[in-house]
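What follows is a single structure, written as structure tokens, with notes after it.
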Amino acid sequence: MFFFDDATIRWVRTLDLNDGFVYDSSEKITELALASSACSIMPKGTVCVAMYGGAGTIGKCGLLMSDCATNQAVCSIVCNRKIVSPIFLLMQLLALKPYWMKYAVGTRKDPNISQDIVARMKILIPPLDEQKEITDYLDAKCAEIDKLIAKKEQLVKELESYKKSLIYEVVTGKREV
């Protein structure tokens, strides 16, 4: 198909939004696809919000780390960096994530939010220096939490491995009960 063969343009869809930084997309499209569709190329630093997909997807966010095409299921927000930092906006939207479904509408199995709903969502916009202070603090705290999570995940893997080896040894008679 001409829209996907030898495609090189990143095409960010709701499935690619990971509540963090979006470096790549799961699919690529061609120039023809871009010209023949409602997709738009959004610049690096754009904050994206998933508008379709029901409770598991609506409100998922991402910050584009390169220029990417997006489609109508993604609300793309280009920040005026003199007013709001994209990272700060991403963090605000992540904090609002639990509330997006409250505004979802539609008769389909999976209700949606609209760009109008996203545009009307109220957020706090402190001065840029305060935004940076907040994001720096959250980055540091989240890094600490991520390290703790990684340690616990490693411990779980080690315990699962021990459990399997114990079962094997007892069942095969290599260890007495």
Side-chain angles (χ1 to χ4, degrees), residues 8-29 31 34-35 37-106 110-154:
T8 58
I9 300 169
R10 289 179 184 91
W11 181 37
V12 171
R13 302 172 306 143
T14 57
L15 297 172
D16 297 310
L17 300 179
N18 58 9
D19 292 339
F21 301 122
V22 178
Y23 291 94
D24 204 355
S25 60
S26 57
E27 293 200 26
K28 310 281 190 279
I29 60 173
E31 291 286 344
L34 187 63
S37 69
C39 293
S40 301
I41 297 281
M42 302 309 298
K44 175 182 177 179
T46 298
V47 179
C48 297
V49 180
M51 298 186 297
Y52 303 175
T57 305
I58 288 176
K60 283 181 70 177
C61 301
L63 176 60
L64 299 183
M65 300 308 288
S66 62
D67 295 354
C68 299
T70 60
N71 66 12
Q72 71 279 0
V74 175
C75 178
S76 300
I77 306 165
V78 178
C79 297
N80 177 340
R81 293 176 189 232
K82 293 178 180 176
I83 298 172
V84 65
S85 155
I87 294 171
F88 183 78
L89 178 61
L90 174 68
M91 290 181 177
Q92 284 246 5
L93 295 176
L94 289 173
L96 294 172
K97 190 175 177 182
Y99 303 100
W100 289 112
M101 282 305 294
K102 178 180 176 183
Y103 301 101
V105 294
D110 293 328
N112 306 316
I113 58 174
S114 66
Q115 285 194 17
D116 186 55
I117 289 170
V118 175
R120 287 187 287 131
M121 186 62 68
K122 295 189 185 318
I123 61 167
L124 301 173
I125 304 178
L128 285 172
D129 58 338
E130 192 173 328
Q131 291 177 41
K132 179 159 178 29
E133 189 177 322
I134 290 168
T135 56
D136 288 349
Y137 174 81
L138 289 172
D139 283 343
K141 288 298 181 184
C142 289
E144 287 177 27
I145 293 167
D146 289 343
K147 282 182 184 177
L148 291 171
I149 290 170
K151 282 182 179 180
K152 295 296 181 186
E153 287 173 344
Q154 182 59 38

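Heavy atoms only: backbone and side chains are in, while hydrogens, waters and symmetry mates are out.
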Between Val49 and Gly59 the two heavy atoms that sit nearest each other are CG1-CA, 4.1 Å

Ile9 and Ala69 have their tightest heavy-atom pair at CG2-CB, 4.0 Å

For Ser26, the side chain to side chain donor-acceptor pair (under 3.5 Å) test, sequence neighbours excluded, returns Arg13, Asp16

N/O donor-acceptor pairs under 3.5 Å from side chains in residues 145-152, not counting sequence neighbours:
none

The side chain to side chain donor-acceptor pair (under 3.5 Å) partners of Ser76 (sequence neighbours excluded) come to Thr70

inquiry  = Tell me if a side-chain donor or acceptor on Ser25 pairs with a main-chain N or O of Val12 at a distance below 3.5 Å.
reply    = no

Across all chains, not counting sequence neighbours, the side chain to side chain donor-acceptor pair (under 3.5 Å) partners of Asp136 are Lys132

Point to revise | Heavy-atom donor-acceptor pair, Lys60 side chain to Ala50 backbone, under 3.5 Å | key: no

d(Asn71 CG, Ser37 OG) to nearest 0.5 Å is 8.0 Å

Those residues at least two apart in sequence (or on a different chain) that pass side chain to side chain donor-acceptor pair (under 3.5 Å) with Gln154 are Glu158

The complete set of side-chain hydrogen bond (donor to acceptor under 3.5 Å, both in side chains) pairs with one or both residues in residues 90-105, sequence neighbours excluded, reads Asp19-Lys97

Acceptor/donor pairs from residues 117-130 side chains to any protein atom, 3.5 angstrom cut, sequence neighbours excluded:
unit_1: Arg120; atom_1: NE; unit_2: Asp116; atom_2: OD2; d: 2.9
unit_1: Arg120; atom_1: NH2; unit_2: Asp116; atom_2: OD2; d: 3.3

Sequence neighbours excluded, the answer for salt bridge (charged side-chain N to carboxylate O under 4.0 Å, His left out) partners of Asp24 is Arg10, Lys28

Contacts under 3.5 angstrom, residues 77-91 side chains, donor-acceptor by atom type, not counting sequence neighbours:
unit_1: Asn80; atom_1: OD1; unit_2: Lys82; atom_2: N; d: 3.0
unit_1: Ser85; atom_1: OG; unit_2: Ile87; atom_2: N; d: 3.3
unit_1: Ser85; atom_1: OG; unit_2: Phe88; atom_2: N; d: 3.4

Validation: residues 39-46 side-chain donor-acceptor distances under 3.5 Å, sequence neighbours left out:
unit_1: Thr46; atom_1: OG1; unit_2: Pro43; atom_2: O; d: 2.6

Sequence neighbours excluded, the answer for side chain to side chain contact (heavy atoms under 4.5 Å, CB included) partners of Ala104 is Ile58, Met101, Pro111, Ile113

Cys48 and Leu17 have their tightest heavy-atom pair at CB-CD2, 3.7 Å

Those residues at least two apart in sequence (or on a different chain) that pass salt bridge (charged side-chain N to carboxylate O under 4.0 Å, His left out) with Glu153 are none

Output for pair (Tyr137 OH, Cys142 SG), nearest 0.5 Å, gives 9.5 Å

* To do: Determine whether Tyr52 and Thr57 make a side-chain contact, defined as any pair of heavy atoms from C-beta on separated by less than 4.5 Å.
  => no

